[in-house]
Amino acid sequence: MSSAASVVSVRGLSVKFARRTVLDKLDFELVSGSVTALVGDNGVGKSTLLRVLVGALAPDEGSVRVLGLDPIRDGARVRARVGYCPDRFEVAERTTARDWLEFVARFYPTWNLAEQRRLCELLDLELTPRVAELSKGARAKLGLVAALAHEPEFLLLDEPFSGLDVAARRAVASAVIGHLREAGRTVLVVSHSVADLERVADRVALLEAGRIERHDELESFAVHGRRGVGLEAALLGAKQESCS
Amino acid sequence: MSSVLVLVRQQVRESRTSSILAALATSAALGFVHAWFPGPAAVSEASALAIGVLAALWTLYFASDSFAGDSASGRLATLSVLPVSSRVLWTSRLCFVASASLAQSVWALLVGYGCQFAFGNARSLEHFESGLHSYAPWAFALPVLASAGILASLVVDSALSAMVSSLLLLGGLAAVLAPLTRAFASFGVDLRLSVGQAVAGAVLFAFALLTLGAFCFARGQRRLGARRVRAFHAAWPLGALVCVAGIATAAEHRRRVAVELDSPSARFHRASASIDGSFLALPVWHDLTGNQDPPPNVWLLDLDTGRRELLARPGQLILDRYLHYSLPWSFEKPQHVLQINSLDFDELEGRLELRAGVGTWSVSTQSASAGDLPFWLATRAVPAWASLDWERDAQGVRSTIVRWSERGIETRFPDAIPLRVVLPTLVVGRVLRLREQALVHHDLQSGSESLLLQGVTGETMWPSPSGGAVLVSTEDARIALDAATGAMLHTPWPREEWSVAWIDSNDDERVVELSAIGVPDAPSRILDLETGVEFEVERERGHGLLLRIAQRGYVFVRADGDLVLVDLQGRLVKVLVER
């Protein structure tokens with residue numbers, strides 16, 4: 001049973017690709033208003049978990065509730081209330097950034113043009129070039145704007161800092177995610193950029209061997225690390241523990 | 001604006017370049033046709049054909065591009081995280097394919113008409129419209145092409161691969177379903193379709209393919225990025241269909257092509273015995289109710305040991321070229337058996353030469369083509385001094401030409417069937433001829449004729465297997481005559497009472513089967529005209545087989561269905577095949 005304040009409630013979630021089990025009877029909850037960093041090694045299933053939450057991947061076992069809805073059965077309704085920025089954001093090359101945002105906006109009744117403008121200014125994103133002419137970072141920014149401008153209740157970010165320059169990373173970390181936290185929105189962010197995560201997250205979930213090994217407050221998580229100094233050290237410590 | 005329309009509009013924008021290029025290519029192709037083809041009729045018909053081909057091509061292209069490219073590039077995954085259901089995405093793609101294909105077809109028609117108005121005249125326009133009308137019924141193929149293209153584009157990476165795959169898919173299905181149609185035909189179910197039925201069938205087939213596509217797309221949308229999911233869900237129903245159809249076809253093919261000697265459905269009509277009477281080459285037919293009965297299987301049966309051997313499945317015995325009796329065989333004179341392709345009964349696979357030695361037999365396989373068939377055909381009813389030809393003259397009349405090579409004599413008998421009307425006899429230079437209801441002896445040397453019998457009814461006579469005797473009918477009797485002397489071999493049988501037929505044999509014996517007329521279940525009688533031995537046989541008339549084997553006796557199918565050998569007095573010697 002998910003609590004009333006749970007944005008995400010996952011029970012016994014298993015996902016297999018061919019014979020490889022990526023998520024193995026995973027239990028996970030996200031409370032409303034939290035910014036949670038989902039961390040773990042490469043290939044451990046972080047992006048897979050996000051795709052399950054957004055309804056882009058059907059689990060083999062288990063139950064998933066996002067905002068009280070089943071993402072597979074009510075995928076469209078879930079996605080209307082959720083912002084999802086995938087790690088790979090591909091759109092037609094000949095489309096301009098503006099055209100793309102106009103196209104996406106038609107699917108969201110809550111699309112906020114002022115918010116779109118604010119985000120574009122904040123991230124320094126030009127809307128006139130075609131997508132083919134955009135840098136990797138600019139494409140990532142376009143994906144972020146598309147995921148955020150409809151003011152989602154729950155935001156899923158998959159490697160949002162990848163390809164961004166330092167200024168943009170700070171903008172995303174502070175102005176974007178920080179703004180969401182202040183607005184009481186729930187955010188689940190996957191990244192290998194530990195420093196950026198430390199800047200934005202208030203909770204950390206460690207995914208290992210297909211399960212959430214630890215899910216704790218950022219401070220508590222870092223303090224409990226063997227070295228006791230910061231998230232990166234804590235993660236390294238956890239890694240060493242699991243190896244030994 | 002509904003989500004479907006938004007998605008379609010976006011796709012129209014994204015495929016603007018390819019749409020414009022397709023339209024330009026259409027214009028160029030039709031312009032080329034007008035520049036290249038001479039004459040208003042040729043250019044108009046070529047334009048109509050080009051429009052049909054281009055419509056099919058663009059339909060296939062847009063269908064094949066519906067998912068493949070976007071899926072491979074990840075654009076489909078990006079669209080999939082919009083707040084729309086997989087059904088909306090699927091519908092939008094279908095709408096786009098339909099509208100793009102329709103737009104290209106309409107454009108091709110407009111360009112075609114434009115060219116007609118610019119360069120043609122009233123006559124060429126008439127040809128053009130007539131050509132369009134003749135291709136119009138093929139429009140039903142467009143939904144099939146589109147649905148196959150869409151389905152293929154779900155499982156491959158590029159539009160080109162999808163185009164090729166969809167054509168392979170349709171070709172493969174056609175290859176499986178065509179023999180299935182033939183199999184149904186054997187049950188008397190005619191699946192040949194009228195135009196209306198074909199259109200309805202094509203629409204249903206397209207709908208089935210699209211349903212399958214929708215199913216695998218929806219399954220794939222639940223596993224975004226895992227193309228194998230879509231491929232699997234598209235492949236298994238098709239695979240199952242192909243397997244079921246293939247198994248059904250193979251089973252039906254086997255049922256039609258293979259029949260065992262002791263099967264109740266086996267039918268025996270003709271057989272050919274070795275001259276020494278030890279072996280029987282036995283064609284076994286199917287008792288099928290259908291309109292495409294397959295050729296028989298040919299078995300070899302050892303009459304002494306009962307051993308049986310399958311020679312050809314299916315195959316055909318070469319029989320007497322004129323009389324269709326068996327040709328007795330030995331080591332020196334092999335029996336030819338044609339091996340027929342089991343999938344195409346019109347195709348020869350090879351020719352067997354079956355030889356009989358002392359207590360043994362051998363078979364060798366030779367190449368065969370239908371063109372060589374005349375070289376293997378033979379008859380034993382023409383004596384050595386004569387040779388026959390059946391030719392059509394300039395007026396179209398078929399004549400039998402009898403050649404007496406030793407004397408260099410060649411006589412033409414117009415409108416005469418070889419051996420049935422003109423029969424060379426054992427007396428050198430003498431021909432038995434049926435002419436104007438009279439049986440005469442014709443002397444080739446002098447051209448003179450001597451009357452043997454008048455009042456013969458019917459157009460033909462019935463020579464015995466060796467040609468030494470004939471059966472003819474008069475108004476009230478059936479008569480057996482020696483062909484060379486004209487002597488009666490038996491007192492005439494009253495025509496109202498008896499039906500008389502020669503019994504095939506592997507020697508020169510003159511043996512007849514007498515069947516009482518008007519008494520359906522009465523046993524028939526076998527009468528040896530040489531010895532006068534006569535006895536009753538209860539044989540199954542559904543099987544034509546009744547063969548005299550040298551001095552051993554007769555082979556036939558008994559009333560209880562068993563294939564038996566009886567001796568010359570009609571006593572059972574052995575059951576050859578118990579059924």
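Sequence lines set the chain letters: A, B, ... in the order given, protein chains first and strands last, and positions in each chain run from 1.
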Counting heavy-atom pairs under 4.5 Å to chain B, which of A:Arg77, A:Arg88, A:Arg79 comes out on top?
->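 Most heavy-atom pairs within the cutoff with chain B belong to A:Arg79.
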Provide the full list of ring-ring contact (aromatic ring centres under 6.0 Å, His included) pairs with a residue in residues 53-84 of chain A, sequence neighbours left out, each pair given once.
-> none
Heavy-atom check, side chain of B:Gln10 versus side chain of A:Thr95, under 4.5 Å | yes
Rounded at 0.5 Å granularity, tell me how far [atom1] in [X] sits from [atom2] in [Y].
{"X": "A:Arg106", "Y": "B:Leu5", "atom1": "CZ", "atom2": "CG", "result": "11.0 Å"}
{"X": "B:Arg13", "Y": "A:Arg94", "atom1": "CZ", "atom2": "CZ", "result": "12.5 Å"}
{"X": "B:Arg75", "Y": "A:Phe89", "atom1": "CZ", "atom2": "CZ", "result": "12.0 Å"}

Let me have the donor-acceptor pairs involving side chains of residues 20-27 of chain A, under 3.5 Å, with sequence neighbours excluded, atom names and distances please.
unit_1  : atom_1 : unit_2  : atom_2 : d
A:Arg20 : NH2    : A:Gly43 : O      : 2.8
A:Asp27 : OD1    : A:Gly12 : N      : 2.7

Pull out the residues in residues 84-107 of chain B that come under 4.5 Å of chain A, heavy atom to heavy atom, sorted by number.
->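 Within residues 84-107 of chain B, the residues that come under 4.5 Å of chain A (heavy atoms only) are B:Val84, B:Ser85.
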Residues in residues 50-65 of chain B near chain A [non-hydrogen atoms, under 4.5 Å] = none
Within 6.0 Å of CD in A:Glu126, more than 12 heavy atoms from elsewhere = no
Taking all atoms of both residues into account, what is the closest heavy-atom pair of [X] and [Y], and its distance?
{"X": "A:Trp100", "Y": "B:Thr78", "answer": "CZ2-CG2, 3.7 Å"}
{"X": "B:Pro83", "Y": "A:Phe107", "answer": "CG-O, 3.5 Å"}
{"X": "B:Leu79", "Y": "A:Phe103", "answer": "CD2-CE2, 3.6 Å"}

B:Leu7, part contacting chain A, at a heavy-atom distance under 4.5 Å = both
